[in-house]
Protein chains: 2
Amino acid sequence: MSKDYGQFCGLAKAASVLGERWALLLVRDLSISPRRFKELHDGLPGIPTSVLTTRLRELETAGIAQRQIAGPTQAGVVYGLTAYGKQLGPVLDALGRWGAQRMSTPEPDDVITSASLAAALRSGYQPDVLTSLTTYELHAGPAIAWARAHGGQIEVGAGAPDFTADVTILAGPQLRLLLAGHMSASEAIASGAAEVTGPDGALATFSRAFHVPLDDFETVTDTS
Amino acid sequence: MSKDYGQFCGLAKAASVLGERWALLLVRDLSISPRRFKELHDGLPGIPTSVLTTRLRELETAGIAQRQIAGPTQAGVVYGLTAYGKQLGPVLDALGRWGAQRMSTPEPDDVITSASLAAALRSGYQPDVLTSLTTYELHAGPAIAWARAHGGQIEVGAGAPDFTADVTILAGPQLRLLLAGHMSASEAIASGAAEVTGPDGALATFSRAFHVPLDDFETVTDTS
DNA sequence: CGGTATCCCTTGCGATACTG
DNA sequence: CAGTATCGCAAGGGATACCG
């Protein structure tokens, strides 16, 4: 499947690497921050270690990812993106935003990972909302992500932040509707869909600063 | 391979459809213009008809493509993108630009298709160069594409245009270097890499209006 | 033209186990 | 923790033939 398409075309070259199973999600996770093998394995539920190894090698060969030694001996192996790989960030964000349009409610077996939550924050960020530096800690089910943003600058991460956030939000699956603007901040709080710690109006500001639209057709017409 | 990833994540949803073999290239071709089954088959060298059918069905189910009846009886079946599918255009352009950065010279067996050439034109278009409406007809080996552009507006197509272009360019593989700005218009003409019909300076303007950068490392370091 | 229908066969995924 | 090794299986891709 890693086969080439035999076309002199940038998209074909991209597809030959990123079209591999798990590759896009792996790059997504690496784009949040450098990660260890085990973190990657845990963040991609279902991927076998052998496949993870193979993908990492392929990404290395393609100049997208690289091994980094982070600590003493080889205990500190860490995978990160190269400069070339980092350029994929905005592209994957756009692709994720596109895919998210038809994604309103989690399927019964859908999992939310911390890295995908962080990526969602990054992809929905609106540069013109936050006029002063604001930090967020967001919990969506078992997933945790944080953001530190101000004007055109944003930084996100997966897992608990190492600082105390200005605003902490505990949310359930309804978070999707809030980010889409289909549920107001006050509704979210009143219904218990979100629990907020922080200044008054913080959730309203949050939902404007991180907007992931929904193009609802509710469900795609099933023609089967 | 069409398996889902079980994640509530826009990128994961996108990957489950677009990660399929041939899917990205198929959408690319459809994004240029609606096409018939045979045109799609011809434009994707190597794809079996059965796989093409399967992909088209999957794209239909995902709400990305749709069958359209273009003529009398069923002789006029045509596949096109839905509104949702059309939103992928700019995203795929970005992905193609990313992939093209490491693509300097065609591999011996690389093919150039008209649709990929048209997509390349669209992806490299610089909105601030052409101050008046200009039309181009571009030949790169066996591939033919055209563009009609002015300011922020651009329209591209695969195959010979149905109008007489202001500028006609016959180019070889060296075209890649011209688009990257690694070869000047005058060099291209002098060396015979490009043959131009049109006003003086037309090729220089063209190479500024359609810019596809090259991030060269020549070849990615092979660490095998 | 616009597909269906087979068929084989590779590949690479997923599972599990195990090593430095 | 950071992988390697093995293995079986199923899916799906590619080729080819054929039908409406």
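Chain letters run A, B, ... following the sequence lines, proteins first, then strands; residues in each count from 1. Just the heavy atoms: all of them, side chains too, but no hydrogens, waters or symmetry mates, feed the values below.
Taking atom CH2 on B:Trp22 and atom C1' on D:dG13, their separation rounds to 10 Å, with Å as the unit. Atom CG in A:Leu44 sits about 15 Å away from atom C1' in C:dC13, given to the nearest Å. To the nearest angstrom, P of C:dC13 lies 12 Å from CD of B:Glu20. Rounded to whole Å, the distance from CD on B:Glu60 to P on C:dG2 is 14 Å. Atoms CD1 (A:Ile47) and P (C:dG12) sit 15 Å apart, rounded to a whole Å. What separates CG of A:Leu40 from P of D:dC1 is a distance of 13 Å, to the nearest Å. Separating the CG atom of B:Leu52 from the C1' atom of C:dG2 is a distance of 10 Å, rounded to the nearest angstrom.
Taking CG of A:Leu92 as the start and CG of A:Leu25 as the end, the distance is 9.5 Å to the nearest 0.5 Å.
The base of D:dT4 lies close enough to the side chain of A:Thr49 for a donor and an acceptor atom to sit less than 3.5 Å apart.
Considering only side-chain N and O atoms, A:Arg36 lies under 4.0 angstrom from the phosphate OP1 or OP2 of D:dA2. For the pair A:Tyr79 and D:dG3, the criterion of a side-chain N or O lying under 4.0 Å from OP1 or OP2 is met. Residue A:Arg21 places at least one side-chain N or O closer than 4.0 Å to OP1 or OP2 of C:dG14. Within the structure, every side-chain polar atom (N or O) of A:Lys38 is placed at least 4.0 Å from both OP1 and OP2 of D:dA2. Proximity of A:Arg55 to the phosphate of C:dC13: a side-chain N or O atom is located under 4.0 Å from OP1 or OP2.
Applying the side chain to side chain donor-acceptor pair (under 3.5 Å) rule to A:Ser123 yields no partners; only residues at least two apart in sequence or on another chain are considered. Checked against side chain to side chain donor-acceptor pair (under 3.5 Å), A:Thr113 has the following partners two or more places apart in sequence or in another chain: A:Ser116.
By the 4.0 Å N-to-carboxylate-O rule, A:Asp110 lies close enough to B:Lys13 to be salt-bridged with it. Between A:Arg55 and A:Glu58 there is a salt bridge, since a side-chain N of the basic residue sits under 4.0 Å from a carboxylate O of the acidic one.
B:Gln87 and A:Arg97 share no side-chain donor-acceptor pair at under 3.5 Å.
A heavy-atom distance below 4.5 Å is found between the side chains of A:Phe37 and A:Leu56.
In DNA chain C, consecutive stretches of 3 or more Watson-Crick or G-U wobble pairs with both distances under 3.5 Å are given as paired ranges: C:1-20 with D:1-20.
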